2 protein chains.
Amino acid sequence: MSAFDVNKMTPLSEAARRPARAQSPCQACTVRHLTVCAPLNDQEVQEVAAISQNVEMSPGDPLFDEGERASQVYNVTAGTMKVYKLLSDGRRQVTGFLFPGDFLGLANNDTYAYSAEAVTHATLCRFPRAKLDKLLERYPKMEKRLLSIASHELAVAQEQMLLLGRKTAKEKIASFLLTLSERAESRGQTGNPVSVPMSRTDIGDYLGLTTETVSRTFTNLRGGGTIALRNGGKVEILDVDALHDVAQGD
Amino acid sequence: MSAFDVNKMTPLSEAARRPARAQSPCQACTVRHLTVCAPLNDQEVQEVAAISQNVEMSPGDPLFDEGERASQVYNVTAGTMKVYKLLSDGRRQVTGFLFPGDFLGLANNDTYAYSAEAVTHATLCRFPRAKLDKLLERYPKMEKRLLSIASHELAVAQEQMLLLGRKTAKEKIASFLLTLSERAESRGQTGNPVSVPMSRTDIGDYLGLTTETVSRTFTNLRGGGTIALRNGGKVEILDVDALHDVAQGD
DNA sequence: TAGCTGCCTTGATGTACGTCAACCTAACTG
DNA sequence: CAGTTAGGTTGACGTACATCAAGGCAGCTA
């Protein structure tokens, strides 16, 4: 184990504390996500799986804080996580929500650039960075895969900058719902009705709004017949075209 | 030459149109930027330099547009570039300014995710993507370098999201000036007074403000004795500590 | 069933920043 | 040198969203 142990500051389940090396359930995620664009052979997959451990989180559990030594890399296998940055006075910007298949802590420098926390119950696959780096040395195609992931995240971040800097509250919410829906479908889940597992506060901190404005805007879209709010944090998109129009501002 | 030729839609100087392969001045940039974290030997440097061409831009010249086939990668060798995204009604978000040493067009998918344009006279080093990819296959350490660059850009993007979503106009301007100053110093230029080569409109589109608000905020900071506006688009930071305090919101 | 507690909604009011418009200056141009 | 143009600044006014405040409603616990 490395000097930094995530268990020290995060309440994890017993399952997570056990060094689940041998029968690590993370083989699934490794195979699925690291190999999509860079297929590894069985032996390589085994090697990657061997260095991973399972982590379980409850809603609100912190995974790591901005500025901490970034000794672990994570892959979300179930549930929803959020990453955010804080100003000294407590203002918060959620920079992203993470769903199964997404990576966490890929920063190149040795400290995390943001804090990470569970939104729902979630399970993660944890890789010690040092060991992962060693594997990357041997398998350049995995590195290529990581570069591809980072590039994609960068494009997503730029889209979010456009949203934060130039869109109205209504456009922000519409864009947010459409993105959530598309991401759900790309994971093979249902995109309509779309599951919205995070609180109004989290949505506001993601879109640069207050909870009140988020709430009012949902109400507004509902009143216009564009969406309907269902039980269990689900939003049904009644008029996809209209929602797209709203998101683009026309 | 590839099917897509940047010359077709961008007014470039005669020097840029010439296939300056043999005596490409881009050796300098290649050596400097691609090798900082992944030193190449002389032969490797030659190979990289061999596939590069020099490009010159005048203020306002477009380099490429969002959605175009991304067949080229660029490295800025002199001057300032900007990259931006547009909404259908013309609202604009500048997602970044690029200075010597910065890369452009590193997106993994085959179209550019943003448009790029010259802010000042600028020179760029152009690499055909296909050839660069081939080199990357052979030299994994270059790929590592690119991953490191992408990760750093991602961290910068997240910081910008915090700014766009949660900072006031005054905090935005103060943060902007400090960042410009730090970047100038990291390039070996003078950080104070700092050169601010872009227009108020560009600054506004970068910070999610209007030109009027940018102008008023500069005036406000000047009135408070924190900065002074000098000739030639230079800003002198009179009280660095105060500017830091403003940027953080305390 | 009552009493919490956390999240959401809704209303009344405030304000930071946008919008509209005038003017100023510097750099071109004939 | 007058005329023109493109930034930049400043002022008056409007508004989208924040702030402050009061309920509503589900999910706990006793």
Side-chain angles (χ1 to χ4, degrees), chain A residues 58-60 80 82 87 89-94 117-121 163-174 176 196-224 227-235 246 249, chain B residues 58-60 80 82 87 89-94 117 119-121 163-174 176 195-224 227-235 246 249:
Chain A
S58 295
T80 306
K82 67 184 173 201
L87 289 173
D89 62 1
R91 277 175 289 173
R92 202 170 61 125
Q93 179 66 40
V94 171
E117 196 178 305
V119 171
T120 65
H121 268 281
L163 178 149
L164 288 169
R166 289 305 183 205
K167 289 192 180 178
T168 65
K170 205 168 172 182
E171 290 162 4
K172 285 175 177 179
I173 295 286
F176 173 66
V196 182
M198 61 292 286
S199 70
R200 297 287 185 263
T201 305
D202 284 343
I203 298 174
D205 284 346
Y206 180 58
L207 301 177
L209 302 169
T210 59
T211 61
E212 293 94 331
T213 299
V214 171
S215 183
R216 275 188 252 270
T217 308
F218 271 113
T219 304
N220 181 328
L221 286 171
R222 181 165 43 113
I227 63 170
L229 305 179
R230 304 294 183 214
N231 282 338
K234 294 229 181 293
V235 174
V246 172
Chain B
S58 295
T80 306
K82 67 184 173 203
L87 288 174
D89 62 0
R91 278 175 289 173
R92 201 170 62 125
Q93 179 65 40
V94 171
E117 195 178 304
V119 171
T120 64
H121 268 281
L163 178 149
L164 288 169
R166 288 306 183 205
K167 290 191 181 179
T168 66
K170 205 168 171 182
E171 290 162 3
K172 285 175 175 179
I173 295 286
F176 173 66
S195 169
V196 181
M198 62 292 288
S199 70
R200 296 289 184 260
T201 303
D202 284 343
I203 297 173
D205 284 346
Y206 180 59
L207 302 177
L209 301 170
T210 59
T211 61
E212 293 94 332
T213 299
V214 171
S215 184
R216 275 188 252 271
T217 308
F218 271 113
T219 305
N220 181 328
L221 286 170
R222 180 165 44 113
I227 63 170
L229 305 179
R230 304 293 182 213
N231 282 339
K234 293 229 181 293
V235 174
V246 172

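Everything quoted here is computed from the prediction, not taken from an experiment. To find a chain, count down the sequence lines: A is the first, B the second, and so on, and within it residues start at 1.
The shortest distance between side-chain heavy atoms of B/F176 and B/V214 does not fall below 4.5 Å. Counting only heavy atoms from C-beta outward, the side chains of B/Y206 and B/M198 never approach each other to under 4.5 Å. Side-chain contact between A/R92 and A/D202 is present, with at least one heavy-atom pair separated by less than 4.5 Å. Using a 4.5 Å cut-off on side-chain heavy atoms (C-beta onward), A/T213 and A/I173 make no contact.
Nearer the 5' end of DNA chain D, as judged by each residue's closest nucleotide, is the contact made by B/T201, out of B/T201 and A/K167.
Atom CG in B/N220 sits about 12 Å away from atom C1' in C/dA16, given to the nearest Å. Residue B/N231 contributes atom CG, which lies 18 Å from atom P of D/dG7 at whole-angstrom precision. Per the geometry, CG belonging to B/D205 stands 13 Å off C1' belonging to C/dG18, to the nearest Å. Note: CG (A/L221) to C1' (C/dT10) measures 16 Å, nearest angstrom. Remark: C1' of C/dA16 and CG of A/L209 are 15 Å apart, rounded to the nearest angstrom. Put simply, CD1 on B/I173 is 10 Å from P on C/dC17, counting in whole angstrom units. The CZ atom of B/F218 sits 8 Å away from the P atom of D/dT9 (whole-angstrom rounding). With rounding to whole Å, B/L229 atom CG is found 14 Å from C/dA26 atom P.
Residue B/S215 places none of its side-chain N or O atoms closer than 4.0 Å to OP1 or OP2 of D/dG8. Put simply, A/T210 has a side-chain N or O that comes within less than 4.0 Å of OP1 or OP2 on D/dA18. Contact check, A/T219 against C/dT10: a side-chain N or O comes under 4.0 Å of OP1 or OP2. Note on A/R200: a side-chain N or O is less than 4.0 Å away from OP1 or OP2 of C/dT9.
Note on B/T211: nothing from the nucleic acid sits closer than 4.0 angstrom, heavy atoms only. Residue contacts shown for B/G208 are limited to sugar-phosphate atoms, with no base heavy atom under 4.0 Å away.
Annotation for B/Q93 and A/G165: closest pair OE1-CA, 3.3 Å, computed over non-hydrogen atoms.
Under 3.5 Å, the side chain of B/E212 and the base of C/dC17 form no donor-acceptor pair of N or O atoms.
Which of D/dA18, C/dG11, C/dG18 sits closest to the side chain of B/R216 comes down to C/dG18.
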